[in-house]
4 protein chains.
Amino acid sequence: MRKSKMSLIFQAAIDVFSEKGFDKATMDDIAARANVAKGTIYYHFKSKEELFLFLVEEGVELLRDGVESKLLPDMTPTEKLELIVREQINFFGQYRDFCVILLRESWGAEERQLEFRKMIRSYMYLIEAVVQEGIAKEEFHFVNPENVSSGLFGMISIAALHILLGHKPYDGDALFQDMRRMTFSGLLKQGEDKL
Amino acid sequence: MRKSKMSLIFQAAIDVFSEKGFDKATMDDIAARANVAKGTIYYHFKSKEELFLFLVEEGVELLRDGVESKLLPDMTPTEKLELIVREQINFFGQYRDFCVILLRESWGAEERQLEFRKMIRSYMYLIEAVVQEGIAKEEFHFVNPENVSSGLFGMISIAALHILLGHKPYDGDALFQDMRRMTFSGLLKQGEDKL
Amino acid sequence: MRKSKMSLIFQAAIDVFSEKGFDKATMDDIAARANVAKGTIYYHFKSKEELFLFLVEEGVELLRDGVESKLLPDMTPTEKLELIVREQINFFGQYRDFCVILLRESWGAEERQLEFRKMIRSYMYLIEAVVQEGIAKEEFHFVNPENVSSGLFGMISIAALHILLGHKPYDGDALFQDMRRMTFSGLLKQGEDKL
Amino acid sequence: MRKSKMSLIFQAAIDVFSEKGFDKATMDDIAARANVAKGTIYYHFKSKEELFLFLVEEGVELLRDGVESKLLPDMTPTEKLELIVREQINFFGQYRDFCVILLRESWGAEERQLEFRKMIRSYMYLIEAVVQEGIAKEEFHFVNPENVSSGLFGMISIAALHILLGHKPYDGDALFQDMRRMTFSGLLKQGEDKL
DNA sequence: TATGAATGAGTCTTCATTCAT
DNA sequence: TATGAATGAAGACTCATTCAT
């Protein structure tokens, strides 16, 4: 059974967008990669913009829903945050191309980019909520949850991408150990009293 | 005495590139913003690419040299890292436009983007060296310095940009407190023994 | 049924290139002359260079094949050469524009120009072979066939073009008589013994 | 003693124009080759066009005057024509670059190109006059002198250039033998009676 | 549903020429 | 005389989008 044209286009679009970025990628590229006539893309998607948006939406949802569904109510904030860190690292390993897209195309003032940041924001809220819960339950230090959630997201993202784009083997577990350490106890051996 | 055309172009280029990104920015935009004929840009820079590269080089150097010159040999690793965190936060506040450029244009496989990542890497080495020193002096936990340095860079960058692009007032000191906490003692109140 | 866009472009390109030369001719000119959008040209030809090359290839082939197909094996070398002279003169009369292109654009060190000279060379070989045959059969004097074939080609070409560009009526038969005389018996009344 | 800027420019212009042709050659090229500032060229020549025209004028004059001064009144038409053939062949060998310019830039409808053809015409008249004299004195067959003079000019030019551009050693004497044969007795062994 | 030829607005880049010094 | 920074018009080429089939 042949794959639907639609899904061929979808996959080709991810490949091409992650390789070249939104602006440099052409509809011809995508059509060629999907083995489909250019017109066919326009039959399924109104525009390049829409195709791209659709793609990113799907991706962020996949990340958010994946994490969200694993966050059980009876976990402690620490357990929850640990899970988030681990899941995000796995996701980056698995959807490397998509993650490149995310980091490339989220900064700027275009409508599309604002939209992207909102999507990412919707994921960050997950982290933020856990941080807030941790503070409320006095498990975590008192910090600004928004700063910390964006910081954590950035820490994991950049560290992961740094490995992936350096074409080194991606050892998710090792990265997880370091990221967990950073997140929970920081670098100092003597702990907080020093500060 | 009027500013040299060269520096007019330089400033205009930063403005336009940060607003629109490399691909969407046009040489006409930049020329108009600089109040200069388009040919004048090409008199000073061989191409759009070269202008852009020059600009980013200058910026990363400014960041790296600024930090490097303040790192004194008799500081402890903790003091050094604290200084780096603070300086980077200040830099992002001061050169917001340039920082947007950096985060937008560093991901991808084009020659230019590889070049950018190398430049960023040259800054990350500063952090990495301090982390290594801290581990050697047993001030810091044993971690992979490369993971941690890219993680720290990402944490600060994304957190800072998140505020700057959200058009909120940029309170560098508050951000510094949170980032320092994350860096040194992490979120957990009970410290490392829990882990 | 309307002519294919492709052939409209082809004809327009001949017109414009012969009028203005390769460098001065613009793709806008050609598009306008062909009543076609500029992009359409690029849909069919990868570049100005390619369009031009294609055009010249076709032209030289037309000349060479036209002559070649009329050269019958049982002709004497003299008859063959006579036929070549006549055919080339007719060709110049008929494809004046193309011939101007040929003479304009074949001299220089650019890739394209080397290519052109090769094409012309492929035509000269026809002449050269006949000259060689004539020498072998002792109908012709002993001469360097390469010198003579390029000389004959130049003689006919420049003489023809000289008339065509002088905007005089092109009397192919009269020109043929003179060129035949030059080719076979030369100017001297007393013939070779004088030399 | 340093060469005058003027003559530096002159020589540089010949080099560059013959290498790249009128359109592709730039004033920057010429200035660089002449080790002179671009403005300096404009101090001596009103425009690119004028510089070029001046150059070609000088060259054609050199050819024409060289030949003309050697044509003595008491020579027979045959001797005169022989001398012309020899001189032109020598000239092509000596001023190869200039001759390429001549053949490249003489065809077309631009003012400059009409001008060029006039200059070449002024040289052809020399040949034409000799042919006419030869016919009048019944040394030469009755032919159209204009056809024959342009034909001879083309024969020699193309044959010479064919060797020069093929990067073969230029044996002027051998070429002269072949061109003289063509000019005076033609290819046929049996002479004119056959025709 | 699917195609691919056609479009034309938009971009980077070049270069002859000018002019203040 | 000589310079070289500055100009801006012009040209090759790209590519998202449309539409007749």
Side-chain angles (χ1 to χ4, degrees), chain A residues 4-6 8-9 22-32 34-52, chain B residues 4-6 8-9 22-32 34-51, chain C residues 4-6 8-9 20 22-32 34-52, chain D residues 4-6 8-9 22-32 34-52:
Chain A
S4 78
K5 301 269 178 191
M6 178 90 181
L8 284 174
I9 294 170
F22 180 79
D23 288 308
K24 281 273 170 39
T26 72
M27 296 302 260
D28 278 291
D29 287 341
I30 297 171
N35 265 100
V36 150
K38 198 170 16 167
T40 308
I41 302 181
Y42 281 90
Y43 185 78
H44 291 286
F45 298 91
K46 217 172 58 208
S47 68
K48 186 183 180 186
E49 189 95 15
E50 203 193 81
L51 166 59
F52 192 42
Chain B
S4 79
K5 301 271 178 189
M6 178 96 178
L8 285 174
I9 293 170
F22 180 79
D23 288 309
K24 279 278 174 21
T26 72
M27 295 303 259
D28 278 294
D29 286 344
I30 296 171
N35 264 100
V36 149
K38 199 172 8 173
T40 308
I41 303 182
Y42 282 91
Y43 186 79
H44 292 286
F45 299 91
K46 227 174 40 220
S47 66
K48 186 184 179 184
E49 188 96 15
E50 205 193 79
L51 166 58
Chain C
S4 78
K5 302 271 177 191
M6 180 97 179
L8 285 173
I9 294 169
K20 311 209 179 185
F22 180 80
D23 288 309
K24 278 278 171 25
T26 72
M27 295 303 259
D28 279 293
D29 287 342
I30 297 172
N35 264 100
V36 148
K38 196 173 12 172
T40 307
I41 303 183
Y42 283 93
Y43 186 79
H44 292 285
F45 299 91
K46 225 173 44 216
S47 66
K48 186 183 179 183
E49 189 96 15
E50 206 194 76
L51 166 58
F52 193 40
Chain D
S4 78
K5 301 269 180 193
M6 178 88 180
L8 284 174
I9 294 170
F22 179 80
D23 288 308
K24 281 274 169 38
T26 72
M27 296 301 260
D28 277 290
D29 287 341
I30 297 171
N35 266 100
V36 150
K38 195 167 21 166
T40 307
I41 303 181
Y42 281 90
Y43 185 80
H44 292 285
F45 299 90
K46 217 172 57 208
S47 67
K48 186 184 179 185
E49 190 94 16
E50 203 192 81
L51 166 58
F52 192 42

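In this text the structure is predicted, and so the values were computed from the model without any measurement. Lettering follows sequence order; numbering is per chain, from 1.
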Out of E:dA2, E:dA6, F:dA16, which nucleotide sits closest to the side chain of A:M27? F:dA16
Measure OH/A:Y43 against P/F:dT17 and give the value in whole Å, please. 18 Å
Residue pair A:T26/B:G39 against DNA chain F: nearer the 5' end by closest nucleotide is B:G39
Please evaluate residues B:D23 and A:F22 with respect to the criterion side-chain contact (heavy atoms from CB on, under 4.5 Å), reporting the C-alpha separation (whole Å), side-chain torsions for both, the decisive distance (0.1 Å), and the verdict. CA-CA 9 Å; B:D23 288 309; A:F22 180 79; over 6 Å; no
Can you tell me the distance, in whole Å, between the CG atom of B:D23 and the P atom of E:dC12? 9 Å
Of the candidates E:dT7, E:dA2, F:dG8, the side chain of B:A37 sits closest to F:dG8
Tell me: CD of A:E49 to C1' of F:dC15, nearest whole Å? 15 Å
So, under a plain 3.5 Å distance rule, would you say the side chain of B:K38 forms a donor-acceptor pair with the base of E:dT13? yes
If you assign each of C:K48 and B:H44 to its closest nucleotide in DNA chain F, which residue comes earlier from the 5' end? B:H44
When the distance from NZ of B:K46 to P of E:dT14 is rounded to whole Å, what number comes out? 10 Å
Looking at the side chain of D:Y42, which of E:dT18, E:dC12, F:dA2 is the nearest nucleotide? E:dT18
If I compare all heavy atoms of B:A37 with all of B:A31, which pair ends up nearest, and what's the gap? C-CB, 4.2 Å
C:M6 has an atom CE; how far is it from atom P of E:dG4, in whole Å? 17 Å
State the CD1-NZ distance between A:I30 and A:K38, to the nearest 0.5 angstrom. 11.0 Å
Look up atom NZ in A:K46 and atom CG in A:L51, then write down how far apart they are to the nearest 0.5 Å. 12.5 Å
Going by heavy atoms in the side chains, are A:M6 and A:F45 under 4.5 Å from each other? yes
Send over the distance from C:K5 NZ to F:dA20 C1', rounded to a whole Å. 13 Å
Runs of at least three consecutive Watson-Crick or G-U pairs, both distances under 3.5 Å, are what I'm after; which ones involve DNA chain F? E:2-21 with F:2-21
With rounding to the nearest 0.5 angstrom, report the CG to CD1 distance, B:L8 to B:I41. 10.5 Å
Is there side-chain contact between A:Y42 and A:E50, with heavy atoms separated by less than 4.5 Å? no
Euclidean distance, atom CD1 of residue A:I30 to atom P of F:dA16 [Å, nearest integer]: 8 Å
Which listed nucleotide (E:dT13, E:dT18, E:dA2) is nearest to the side chain of B:S47? E:dT13
How many Å lie between CD1 on A:I41 and P on E:dT3, as a whole number? 10 Å
Mapping B:A25 and C:V36 onto DNA chain E by nearest heavy atom, which one lands closer to the 5' end? C:V36
